[in-house]
Structure formats: C-alpha cells, structure tokens
Chemist: 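One structure, as structure tokens, below. Some questions next.
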Amino acid sequence: MARVAKKDTTVFMGTGRRKTSIARVRIMPGKGNFTINGKDINDYLNTDVLRSLAKSPFAVSGTEGKFDTIVKVEGGGLSGQAGAIRHGLARALVEADEANKPAIKAAGFLTRDPRMKERKKPGLKKARKAPQFSKR
C-alpha cells in the first residue's frame, strides 16, 4: 500500500512481529538514515549484532543507502524488537519493489518467527516447572 505523503514522496510501509514486539516500518527514497522511536539506530540498538540483524534485508536486497527508514517499535526486549524490525523492513522492501522478493524470501525474512513464550499452566510454577515431588 504505497502512499503519497507531503512533497510528493512515496512511502512504503511494513509491519513486523517477533515474540511480543511489533514494529511499524516506513521507508522512503533517501540517503540511508535509520531512525527507531525518534533515535538514531546506533543510539537505540546498542550492539553491532542487533544493528546488522535489523538492517539485514537491505544487505540481502542490495538497497543499502537508498532508503530512509523510520521505525516505531514497542513491546518485548531489544532482541525481539530487532527481529520485528527485520520482518517489517523486509515486507516494506517487497512493497517498494517486487524484484526484491526472491532474495528476501530465500533469506527467510518474510516468514514470521512463531516462537513465543509458552503460557503458564494451572498447578505449575511456570509453563513446565512443577512443584517438587515427594513420595511421602
């Protein structure tokens, strides 16, 4: 769903999810600026691993430095948020140019990671941890 914003700039959007994190990603043609929740990516994601994880769809599709990215992300921790950003960015890049889809899909970035925390069950302390058993 491409939208035309002010100044006749086309904006492409994608929503990404990972664990309990949700990322709303907007990309537009630009110089390669990357903003997360109003902060630069280097200030928000504190390790190189998380930064490269979040930017990996650009590397796979060969579009590094061609888009400005604005992300609003909430929920979960930094690792889950980086995964959600990667998922949303991949979706936005496919929306921007359908030619990006084969490479991004082959890398597995369009698949939503289904792993979530398991719910706590009644009678147990956590999802699977049971109280100590004593025979007598």
Side-chain angles (χ1 to χ4, degrees):
M1 89 171 127
R3 294 191 328 191
V4 177
K6 295 176 191 167
K7 300 180 191 171
D8 222 20
T9 306
T10 306
V11 178
F12 303 99
M13 301 173 75
T15 303
R17 294 180 184 87
R18 170 80 173 95
K19 292 187 175 181
T20 57
S21 300
I22 300 170
R24 293 173 293 169
V25 180
R26 296 185 311 161
I27 62 172
M28 59 210 82
K31 299 180 179 107
N33 299 327
F34 204 110
T35 309
I36 304 173
N37 290 351
K39 296 180 181 178
D40 186 61
I41 187 170
N42 297 324
D43 297 334
Y44 194 84
L45 297 177
N46 51 12
T47 65
D48 289 333
V49 174
L50 292 179
R51 284 191 287 268
S52 64
L53 176 73
K55 287 183 169 184
S56 53
F58 282 137
V60 169
S61 63
T63 54
E64 293 153 305
K66 294 181 182 174
F67 290 100
D68 287 343
T69 308
I70 299 171
V71 179
K72 299 273 192 238
V73 64
E74 57 188 19
L78 287 179
S79 180
Q81 288 184 353
I85 292 168
R86 180 181 82 172
H87 188 222
L89 185 56
R91 285 180 163 184
L93 283 171
V94 168
E95 189 178 304
D97 186 4
E98 200 67 29
N100 293 330
K101 188 169 184 174
I104 292 175
K105 189 169 176 74
F109 296 161
L110 292 177
T111 305
R112 199 251 195 239
D113 192 341
R115 295 176 293 175
M116 299 277 284
K117 182 172 179 172
E118 196 173 333
R119 78 173 202 82
K120 181 193 173 298
K121 277 69 161 203
L124 301 183
K125 292 181 179 289
K126 297 194 316 188
R128 297 181 184 220
K129 182 178 180 181
Q132 185 174 13
F133 174 76
S134 173
K135 197 168 188 177
R136 302 181 216 293

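The first residue of the sequence shown is numbered 1, and numbering continues consecutively from there.
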Chemist: Taking all atoms of both residues into account, what is the closest heavy-atom pair of Gly62 and Lys66, and its distance?
Modeler: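 Looking at all heavy atoms of both residues, the shortest contact is O-NZ, 3.7 Å.
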
Chemist: Show the nearest heavy-atom pair for residues Leu53 and Ser56, with the distance to one decimal.
Modeler: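 Minimum heavy-atom separation between Leu53 and Ser56: O-OG, 2.7 Å.
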
Chemist: Would you please name every residue forming a side-chain contact (heavy atoms from CB on, under 4.5 Å) with Ile70, sequence neighbours left out?
Modeler: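 Residues passing side-chain contact (heavy atoms from CB on, under 4.5 Å) with Ile70: Arg26, Met28.
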
Chemist: I'd like to check the side-chain contact (heavy atoms from CB on, under 4.5 Å) partners of Asp48; sequence neighbours left out, ordered by chain and number.
Modeler: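 Once residues adjacent in sequence are excluded, the partners of Asp48 under the side-chain contact (heavy atoms from CB on, under 4.5 Å) criterion are Arg51.
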
Chemist: Verify side chain to side chain contact (heavy atoms under 4.5 Å, CB included) between Phe34 and Leu45, making sure each step is shown before the conclusion.
Modeler: CA-CA 11 Å; Phe34 204 110; Leu45 297 177; over 6 Å; no

Chemist: Test side chain to side chain contact (heavy atoms under 4.5 Å, CB included) on Asn33 and Thr69; report intermediate values, then the result.
Modeler: CA-CA 6 Å; Asn33 299 327; Thr69 308; over 6 Å; no

Chemist: State whether the number of non-hydrogen atoms from other residues, nucleotides or ligands found under 6.0 Å of Lys126 atom NZ is greater than 12.
Modeler: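 Open.
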
Chemist: Test side chain to side chain contact (heavy atoms under 4.5 Å, CB included) on Lys117 and Lys19; report intermediate values, then the result.
Modeler: CA-CA 7 Å; Lys117 182 172 179 172; Lys19 292 187 175 181; over 6 Å; no

Chemist: With side chain to side chain contact (heavy atoms under 4.5 Å, CB included) as the test, pick out the partner of Pro57 among Leu93, Ile85, Thr63, Leu110.
Modeler: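 Among Leu93, Ile85, Thr63, Leu110, the one that satisfies the side chain to side chain contact (heavy atoms under 4.5 Å, CB included) with Pro57 is Leu93.
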
Chemist: Is it the case that one hydrophobic cluster holds both Val71 and Val60, taking links as side-chain heavy atoms less than 4.5 Å apart, direct or via other members?
Modeler: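 Cluster IDs for Val71 and Val60 match.
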
Chemist: Check for a donor-acceptor pair, side chain of Asp40 on one end and backbone N or O of Thr35 on the other, with a separation under 3.5 Å.
Modeler: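 Absent.
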
Chemist: Nearest 0.5 Å, what's the CG-CD distance between Asn37 and Gln81?
Modeler: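 If we round to the nearest 0.5 Å, Asn37:CG and Gln81:CD are 7.0 Å apart.
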
Chemist: Starting from the C-alpha separation in whole Å, work towards a yes-or-no answer on side chain to side chain contact (heavy atoms under 4.5 Å, CB included) for Leu78 and Tyr44.
Modeler: CA-CA 9 Å; Leu78 287 179; Tyr44 194 84; 4.0 Å; yes

Chemist: Which distance, rounded to the nearest 0.5 Å, do you find between the NE2 of His87 and the CD1 of Ile22?
Modeler: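 Here the rounded value is 12.0 Å.
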
Chemist: Distance from Glu95 atom CD to Met13 atom CE, nearest 0.5 Å?
Modeler: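 It comes to 8.5 Å.
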
Chemist: What is the distance from atom CZ of Arg86 to atom CZ of Arg91, rounded to the nearest 0.5 Å?
Modeler: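 The CZ atom of Arg91 is 12.5 Å from CZ of Arg86, to the nearest 0.5 Å.
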
Chemist: Kindly give the heavy-atom pair with the smallest separation between Val73 and Ala23, and that separation in Å.
Modeler: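 Scanning both residues, the minimum pair turns out to be CG2-CB, 3.9 Å.
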
Chemist: Around Lys120, counting heavy atoms of other residues, nucleotides and ligands shown, do more than 12 lie under 6.0 Å from its NZ?
Modeler: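 Yes, because the 6.0 Å sphere around NZ of Lys120 holds more than 12 heavy atoms from other groups.
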
Chemist: So, taking the atom named CG in Asp97 and the one named OG in Ser61, what distance separates them when rounded to the nearest 0.5 Å?
Modeler: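 Spacing of CG (Asp97) from OG (Ser61) equals 9.0 Å.
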
Chemist: Treating Ser21 as the side-chain partner and Gly75 as the backbone partner, does any N or O pair qualify as donor plus acceptor under 3.5 Å?
Modeler: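 Side chain of Ser21 to backbone of Gly75: a pair is present.
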
Chemist: For the residue pair Phe58 and Phe67, does the interplanar ring angle fall in the parallel (under 30°), tilted (30 to 60°) or perpendicular (over 60°) class?
Modeler: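 Parallel, since the angle between the ring planes stays under 30°.
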
Chemist: Has the side chain of Asp68 got a donor or acceptor atom that lies under 3.5 Å from a matching backbone atom of Gly32?
Modeler: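 Flag set: sc Asp68 to bb Gly32 pair under 3.5 Å.
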
Chemist: Taking all heavy atoms of Gly14 and all of Ala92, pick out the closest pair and write down the distance.
Modeler: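 Where Gly14 meets Ala92 most closely, the heavy atoms are N-CB, 3.9 Å.
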
Chemist: Side-chain contact test, heavy atoms from C-beta onward, threshold under 4.5 Å: evaluate it for Arg115 versus Arg18 and give yes or no.
Modeler: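 Yes, side chains in contact.
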
Chemist: Between Ile27 and Ile41, is there a shared hydrophobic cluster once you connect ILVMFWY residues whose side-chain heavy atoms come closer than 4.5 Å?
Modeler: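 Per the 4.5 Å side-chain linkage, Ile27 and Ile41 are co-clustered.
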
